Each structure stands twice: as structure tokens, then as C-alpha cells.
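Please read these numbers as outputs of a predicted model, since none were measured by experiment. Numbered from 1 within each chain, the chains take letters A, B, ... in sequence-line order.
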Amino acid sequence: MQEMEKNFDPKQYEEQLYAQWMDKGYFHDEPDANKKPFTIVIPPPNITAQLHIGHALNNTLQDILTRYKRMEGYCTLWLPGTDHASIATEVKIIEALRKEGLTKQDLGRDEFLKRAWKWYDTYGGRIVEQLKRMGSSCDWQRLRFTMDDGLSHAVNEVFVRLYEKGLIYRGSRIINWCPTCKTALSTAEVEYEEQASHLWHLRYPLADGSGYIVVATTRPETMLGDTAVAVNPADERYTQLVGKTVLLPIMNREIPIVADDYVEYEFGTGAVKITPAHDPNDYELAQRHNLEMINILNGDGTINDNGGAYCGMTALAAREAIVAEFERLGLLEKIEDYSHNVGVCYRCHHTVEPLISEQWFVAMDSLAKPAIDVVRSGEIKMVPERYERTYYNWMENIRDWCISRQLWWGHRIPAWYCQDCGEMVVARTAPDKCPKCGGEHLKQDDDVLDTWFSSALWPFSTLGWPEKTADLDYFYPTNVLVTAYDIIFFWVARMIFSGLEHMDEIPFDTVLFTGLVRDAQGRKMSKSLGNGIDPIEVIDQYGADALRFALTVGVSAGNDMRFRDEKVEAGRNFANKIWNASRFVLMNLGDEPIASIADVQLDAADRWMLTQLKAASAEISGNLDHYEIGMAAQKVYDFIWSTFCDWYIELAKTRLYNGSEEEKRAARAVLFYTLKACLKLMHPFMPFVTEAIWQHLPTGEETIMRSAWPDAAEIPSFEEDAKKMDDAIEIIRSVRNIRAELKVPTSVKTSLLMAAAPEAAAYLPEFERYIMAQAGVTHLELLPQGSPDPHGTVSAVCAAGTLFLPMKELVDIDKELARLDKELAGAIKDISSNQSRLDNQTFLSKAPAQVVDTVRQTLAAAQERRALLEKRIATLKEI
RNA sequence: GGGAGCAUGGCUCAGUUGGUUAGAGCAUUCGGCUUACAUCCGAAAGGUCAUAGGUUCGAGUCCUAUUGUUCCCACCA
């Protein structure tokens, strides 16, 4: 066993330990009927690029839960994988092509797909490497990709089943179209941006020449496709116009003026131009009024043949030209400044155009209902709970899901069209001939599926569905899904209804939401700001454990967090702290075999330590069980740093350096026992440093990650003895406090006198050596009961009694009096607050007896403190 | 137009089901190279828990309103 270096150097261990874990197969479990399964499926990162800090947070939490459950003895599976991210990846590849001066059409579908697969090889692999750097204990033997054969098979199966049930249909609807990506989008894929624009007031002349009606619009170019003007039926300004027609300028088309409740008369002019093919509201209104629908846009966002003279112009160019033309014709009433929401594509951020198009849809009504029920009933819980409301809100107002995309990279829609008779066949595999006419010229649908269609199946498609595999049987449903709140609609909701529909079971019982990781100023990380943080750079600089620490300690579920270097530094320091504590223990274990804590004479410090350990492990396990990961991490930190290092190790030195052999044996046993427990409690959070240490220790176990999680029930506790140690600690703190306040140099030792309560007098001698060592005193002298306060001393009042430091030559009497006055004021405040509670009859009758009792005790203690302080002040004034 | 979150010492944040004197890290001040660690140790100072009401024996925690701030959803052209 090599020696431990003075400081923990992550670089020296991380890669090597990870390789070791992989070699030994520690991340892999086979279904085991004797164990309970614990399953997490990773939210598959998009292969578009490398992982960002948000992924690091997400995966750290999953790893913590997985490692915890694994140590608890569950049969665990954390299933990793990546997502082909149809549109996002395609956008990236097209960008790359453009730099080579190519378009995707230049390449053709097959060549393009080759590029995409190459992209997957590069970035998919890189993502896996990044996950490994973070210490993720994923089962790499079960690595999946949404375009794997197995998963593609699942996608086809689901498509065909839903089609056969009538839940997938093809139809012509108004959809959101991204002219840049040249594809349809689902409603979820449209984001809205506030944009400063104008409201153009246009005059539409009445066909009978009796004047004109003014319409207001934010998109003047759509007038090319207008097929009506609408007003509110109750709007008196226009009642006499309803039923008349206007002559649409430029197009010279005669279109009706109709009345419809949809029109708000306060807005604009109260008259709306109706463009059914390019506005969802107009579309609905057109259906009510049987209006013509004229599509004026090409797929690339330019004006088509229906736009007459404007054909071929971009929508924006057409807008300018049309406004100019209206002005020339004297038909431009006015232009107002107007700011409104514009829909943009969530991938390329260009304005989307609503248009009518033939697409594939999933009918949502019957799927949504059971998915709502399982959350309402609590079968699926969301942490924090408030996201359940967001979920209901979406699911209850859900619209049919447009799933076809005019893209190449993705799962091609399993529908074929007979070139001879036009018949459409939806099938699991390519049909060789048309079932209707027998023709052999069948052409597959050109479109691919929404990338989220395959992600929706992830919890079961990754486990082998539709085959009935052992994995699927054992690991499904999964336990917890850890994801950011921004994909609740895209993904979480769709997994829930898909799981219910195809597995007849929920996909997971808990959804743990993470917040967004923001930069140190609280800004969202973005490419344009260039404020993104690369987790790998952080790991290179501080180590993976430090990064994980910064992302977890004190963070609460679903809340955004700021990422600050200081916190990573704190994490690095913590790793170094446990490293050095372990180094200390290791140096002091001696040559004899380490005894069990059951076989040694435990002293008060040991009993205190074990009692604290028992409480801490119970609390930490409890926090983890409730997904309070930030709090669990905080407790691990505090317990190890303060309780174990700052107190117990320091106390143990007394016996290690000056104790008898038997005492050394006891101290070593408890140090070793507690250290191992500390490492285990810490391991899910900081796997590398804990494993590195573990392998330096004579534990007899080759890895910490498969060791047993500390079971609080098995740790002995000694409440009463622990209380005595607490009293001694209070004495030590008081002495240190006085010494610091009076600026007594550490080198100056002093004797300590105590007027102790009788019980305390009995046990304090046992603590004398600890007090001596920790407080810098030469010896502890117990004053006889009832003896007067010694002159020329400084004092402090503790639970165990009053202590005196005979340092009158060092003490400024006035300062000391001031200090005592301050303490007295504190005591008086405590007395009055507690007394007033006890004076309250309702409190006495309604509060639990235990609470009342505590208040009584607190009051008594405060009163005693006051008496002692007053006495002390009086004697000091006599000097 | 609906809905949600946040507001706690100088900064960044915790605070489980309401229960003694509201915690931590960083920063600050003071004292320390004490044979695990200066990536450290000891000590201190610093908070009317946004504001105003209410419920309760008891409120940072529950309710109502207000202010500020962030976000989500929504078809006012």
C-alpha cells in the first residue's frame, strides 16, 4: 500500500479508479430476485454537442441516488444513453455543411445520414467520456441510443399500434412551420419572444365603392391570403357592413365581411383581416364561416404563386413592398408602434409561420386522461410538488401532437404509399406489394418522427420492449426520473402517457426536478453570452468530487442555483479535509490489528462520537430517502468536518499520544470505525476521494462502492454519556472564548477552577485531560461545594457549573465587567421570554407536556445563570 | 390575461411535518506554521427572516393583501 500524499490530487486517482470500477463490473447488476431493484434511466443527452454544467448537476444527482441505493443493497441499474435529437442535430449538421459550401440537398438523403451517424460516433462517444469523468456509475453494458435497432423497432411498433387504434392519424391542419428548418413543429417546440414591431392599419375598400373598412395587422404580407374581414356582431360601428364585401387591394379579390364573436372590438380598429391558411384563429373562424383558405407561403418562407407579383419574395421583403404599395394607393391609414409575442423555432430561433399542411398527429385526449390520473392519485410524485400543477395545466389543455417532421435524421415514418393506386400502408416492416392493387411500387413516407416520439418510450424501449425481456420485467417501472423542469412537457408528460399506454404501468414513481444552473451573476448560461461553464474544465482544475460538491451541497430541488468558483473550492477543500483526516487515522492505527468497537473500553469521547454518528447516519439516510439531497450533502459536510475532524480527532489525540495501550486501542477502534462510516456516507457525493482513501485503508474490502451503507440501527449510542461530553465541550469553548477575548496568547497556559454542580463534579475529572488539551489549561481544580468565588479570576457560566480562570494580572477588570453585563442581559432576556410563556395559561394547557417541560428547564437554567452572573459581577466589583 | 417561484446577516444560499437562543460557505475582524490538513486551526462581529394584517399557546415556516423580482403558460389580429 503506497503512502498517502499530503494533499489529495484528483488527477492522480480519478481516471485510474474509474477504470478499476469498470473492470470489476461494479456498475453492472443482473436481475436478482432476492434483491429489490432500483432503476434510473438517464435523460439521454442530445448528441448535438458536449455536456454542459446542467447535465453535470443532473447526472450527479442520479449518481448520488444510484450509489446510495447500491450500497443499501438494492439491485441497481442506472441506464445511460443518448438521444439522436432529430431537429437539433440536423440543424448542426446543416451548419457544418454550410461552412463547406454545401446544402443537405447537395448531399442527398443517404450521404446526409452517413454524416449524421458520424456525428453520433463523435459526439455520442464524447458524451459518454464526459459522463465517466464525472464519476457516473452508469451501467455501460446497457448503453442505449434512440436510433439503435432495438429502439427503432420499439418506435415502429408504437406507431403501428397507435395507428391501428386510431390514435395516430394523418391530416391537413394548421401547424407551426419553421421556414429555416423547413419542417413542421409541435406546439411545444415553439417559443415566444417579445418583439418590437408595428401595427399597420390598412384600408380595404368596399366593393360597392361606398368607402372602406380599416383593418389592423401585425403581418401585412399575409393580406395576400386574406379571404374575409371579420367584425364583432355586437359592434355597432360595423353592423351595416356585415354581409357586404370588400375588394382586397393588390389581389383584387372580392371577400366578405363576416361577424364573429372572436373579434374583440377594443383592439385595433375592431375589424380583423382573416388569413385562414396562416393564423390558427383565422383558421378556426374560416371553418365556422366556410371561407376559402389560400396558402401563400413556400416551405422556405417565401411567397408562392398565390402571392401574384410578390411570388418569390421572402415574407419580410413582401411585407415592406406591400406596405409601400398600400401607401402608394393611399390605403395606408397609419402605422403604430406595437410590441407583441412572436413565435420562434426552439432550435434555430427564427420566426415560425403558421400554415396549413398535411402532417401526422397523435390524438391526445384518451392518452392524456390516465396520465393525469396517476399524478392526481399520487402514484407518481413530483418533487417539488408544485410542478404537478404545471403538469396538469398542460395535460388538461393538451392538443393533438404533430409528430411528423420534414427532416432526414430520425425515425422514418413507417407508412408507404402505393405509386400505382395511391393506397397508404402503415406497417412494422416495408411491405413488398400494395395490399389493395398488388402494385410493387411502394414509396415510404419521406418524413421522420418528432425526436420526442422516441424519447417518450425511453423507460421501456431501453429495457427491450416490445420483447418481454428479463430486464424489462425486473427493472420496469423505474424509480426516479431526474430532470430539469424545462422539459416537463416535451418529455416527462409524454413518458407518462406512453408508459401507461404501452406497458400499462407508470414509467417511474418519482420525478425529481432540478433547477437551472446559472452563472455567478444569476444569468442563464447561453452561447451568445459566452458564460457557459464546461464541467470538464472544472474537473480538470478542481476534480470531479469538488464539482459534484458544488452542485449539490445546500441546493434544493427545482430551484435554480448559481455556479460559483468559491463553492467548487470549498468542495476541493472538503475532499482534502477527509483525505487528511484519513491520513491522520492511518498514521495512528499502530501495528496491532484494529479492534472492534465492541471489544474495547470506550471512553466518554468515544461514546459521544458514536452517538453523533448514529444520529447523523439516520438523518442523512432520511434526507436521501426524501430526495433532500442538498441537505444530506450539507450534513455529511458538517458532520465530517466539525464533529469528526474538529472535535473527535482532536480529542482522540490525547489518548493516542499519551494514553495507555488499552486506551490507544479504544481510540484507534473508534477512529477507524467512524472514519469508515464517514467515507461511506460521503461516497455517493464524492466517489473518487472516498474510494482512493478506502483503498489505502486496511478495510479488507476492495471497494467502497459495493460496501454496506451505514445502518444507524447498528451503531451504538450513549445518550447520557454524550450529554456529559457536550458539557465538557461547552467548558472548552468557554475557556477558549475567554482567552480569545482577553487576548491571552496560546502559549500562556492557565489553571482552571470550577464550581461544579454535584453531578458534574462527579464526572468532570474524567474529562480533565480533554479540557486541558483543548483549552490550554494546566489542570482542573474542582472547588468544594459552597466555597466563595475565587478572587482575581475571570469566569463563565456553563451547564456544568461556573468556571474561573485565575488570570487577574492579564485581565482588564472593566472589560470583564462589560462582558459579564452583556452575558447577564442575555440571561435576563431568556428568563423573561420563557417566563412569559409559562405565565400563559393557554400555553400550559394546550402545548405538549414535553414542550412545556423544556421551557421550564430553560427558564431554570437561565435563572441560575443570572444568579451566578450577578454574584460574579458583585465580587469583581470588589476587586 | 392566467399560473408559479423567489425575497433570510456584506455576498451566495440552507432551514423537513409551525416548537428552546434562525444555520452554513465566502467575505470581515482578532489570535495561531499546535508532529492529518494554512486547501488549515481557535475566537468574534454581523440578521425587525420584503411590507401590512391574520390564524395559533407559539410563525422564517400556515392564511390574506401589498411591493419588488424571475419564470412558465395563453389564439387579441
Side-chain angles (χ1 to χ4, degrees), chain A residues 4 6-8 192 199 215-219 222 230 262-264 266-269 271-275 279-284 340-341 354 384 386-387 389-390 393-394 397 485-486 488-489 515-516 520 522 524 542 546 553-556 558-562 564 566-567 569-570 572-588 619 622-623 626 628 630-631 634 637-638 645-646 649-650 653 657 733 736-741 743-747 773-774 776 826 829-830 833-834 837 840-848 850-852 854-855 857-859 861-862:
Chain A
M4 291 173 76
K6 192 172 168 185
N7 288 313
F8 173 62
Y192 290 88
L199 197 55
V215 296
T217 180
T218 53
R219 293 189 297 159
T222 60
Y262 152 70
V263 182
E264 307 269 338
E266 306 87 44
F267 189 87
T269 61
V272 191
K273 58 187 274 311
I274 299 299
T275 321
D279 183 288
N281 298 309
D282 293 6
Y283 176 78
E284 281 171 26
H340 67 141
N341 280 331
R386 62 173 182 271
Y387 287 107
R389 292 187 68 146
T390 313
N393 193 29
W394 162 265
N397 298 297
Y485 61 72
D486 56 354
I488 183 164
F489 308 134
L516 266 34
K524 221 167 163 171
Y542 297 100
V553 172
V555 170
S556 61
N559 280 8
D560 291 357
M561 60 172 294
R562 297 185 195 204
R564 314 171 79 226
E566 292 91 322
K567 205 158 177 196
E569 274 173 34
R572 178 204 54 188
N573 294 354
F574 184 41
N576 194 54
K577 186 69 184 176
I578 188 76
W579 176 264
N580 272 289
S582 308
R583 205 157 73 92
F584 171 81
V585 172
L586 195 57
M587 283 172 180
N588 287 283
E619 285 179 30
N623 286 139
H626 293 100
E628 294 155 352
M631 185 158 287
Q634 182 75 54
Y637 180 86
D638 289 341
C645 295
D646 288 347
I649 287 186
E650 292 308 318
K653 284 177 181 172
Y657 298 160
R733 286 205 156 113
R736 286 174 178 172
N737 181 345
I738 293 173
R739 294 177 56 115
E741 263 188 38
K743 314 236 188 307
V744 180
T746 336
S747 53
Q774 301 305 313
K829 189 179 149 211
D830 283 358
S833 78
N834 286 289
R837 297 178 80 182
N840 185 335
Q841 283 308 316
T842 20
F843 172 68
L844 294 179
S845 56
K846 291 200 177 180
Q850 201 189 341
V851 173
V852 176
T854 328
V855 173
Q857 285 173 21
T858 314
L859 176 64

Using a 4.0 Å heavy-atom cut-off, does [X] contact any base of the nucleic acid, only the sugar-phosphate backbone, or nothing at all?
X: Asn576(A); value: base
X: Ser556(A); value: sugar-phosphate
X: Val263(A); value: base
X: Arg219(A); value: nothing
X: Met631(A); value: base
X: Asn341(A); value: base
X: Pro848(A); value: base

Which of the following nucleotides, [options], is nearest to the side chain of [X]?
X: Arg572(A); options: C37(B), A77(B), U39(B); answer: U39(B)
X: Ala570(A); options: G25(B), A74(B), A14(B); answer: G25(B)
X: Asn840(A); options: A36(B), A43(B), C57(B); answer: C57(B)
X: Val272(A); options: G19(B), A14(B), A77(B); answer: A77(B)
X: Glu566(A); options: G25(B), C26(B), A77(B); answer: C26(B)
X: Asn623(A); options: A43(B), A77(B), U16(B); answer: U16(B)
X: Asn559(A); options: C75(B), C40(B), A14(B); answer: A14(B)
X: Arg564(A); options: U16(B), A77(B), C11(B); answer: C11(B)
X: Glu264(A); options: G42(B), G5(B), C76(B); answer: C76(B)
X: Arg733(A); options: G25(B), A77(B), A43(B); answer: A43(B)

Within the structure, does a side-chain N or O atom of [X] lie under 4.0 Å from either OP1 or OP2 of [N]?
X: Lys653(A); N: A36(B); result: yes
X: Tyr387(A); N: C73(B); result: no
X: Lys577(A); N: G25(B); result: no
X: Asn573(A); N: C40(B); result: yes
X: Arg736(A); N: A43(B); result: yes
X: Asn737(A); N: A44(B); result: yes
X: Arg562(A); N: C13(B); result: yes

Opposite nucleotide pairing with [N], Watson-Crick or G-U, both atom distances under 3.5 Å:
N: U69(B); answer: G5(B)
N: C76(B); answer: none
N: U64(B); answer: A52(B)
N: G42(B); answer: C30(B)
N: G25(B); answer: C11(B)

Go through it in stages, so that I can follow the logic: the residues are Asn840(A) and Arg837(A), the test is side-chain hydrogen bond (donor to acceptor under 3.5 Å, both in side chains), and I'd like the CA-CA distance, side-chain angles, deciding distance and then a yes or no. CA-CA 5 Å; Asn840(A) 185 335; Arg837(A) 297 178 80 182; over 6 Å; no
Does Glu628(A) make a side-chain donor-acceptor contact with the base of A14(B), cut-off 3.5 Å?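 Checked by distance alone, the answer is no.
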Got a donor-acceptor pair under 3.5 Å from the side chain of Lys6(A) to the base of C37(B)?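 Such a pair does not exist between side chain and base.
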For the C1' atoms, the ones on C26(B) and on A36(B), what distance do you get once it is rounded to whole angstrom?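 Per the computed distance, 24 Å lies between those C1' atoms.
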Cation-aromatic face contact Lys653(A)/Phe584(A), 6.0 Å, 45 degrees: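 Yes, a cation-pi geometry.
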Both Tyr637(A) and Glu619(A) contact RNA chain B. Which one's nearest nucleotide lies toward the 5' end?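 The 5'-side residue here is Glu619(A).
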If you pin Lys846(A) and Asp638(A) to their nearest nucleotides in RNA chain B, which one's is more 5'?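 Upstream on the strand: Asp638(A).
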Would you say the side chain of Arg219(A) lies within less than 4.5 Å of the side chain of Thr275(A), judging by non-hydrogen atoms?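 A side-chain contact is absent here, since even the closest heavy-atom pair is not under 4.5 Å.
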Would a 4.5 Å heavy-atom cut-off, applied to side chains only, mark Thr217(A) and Leu199(A) as touching?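 SC-SC contact between Thr217(A) and Leu199(A) ruled out.
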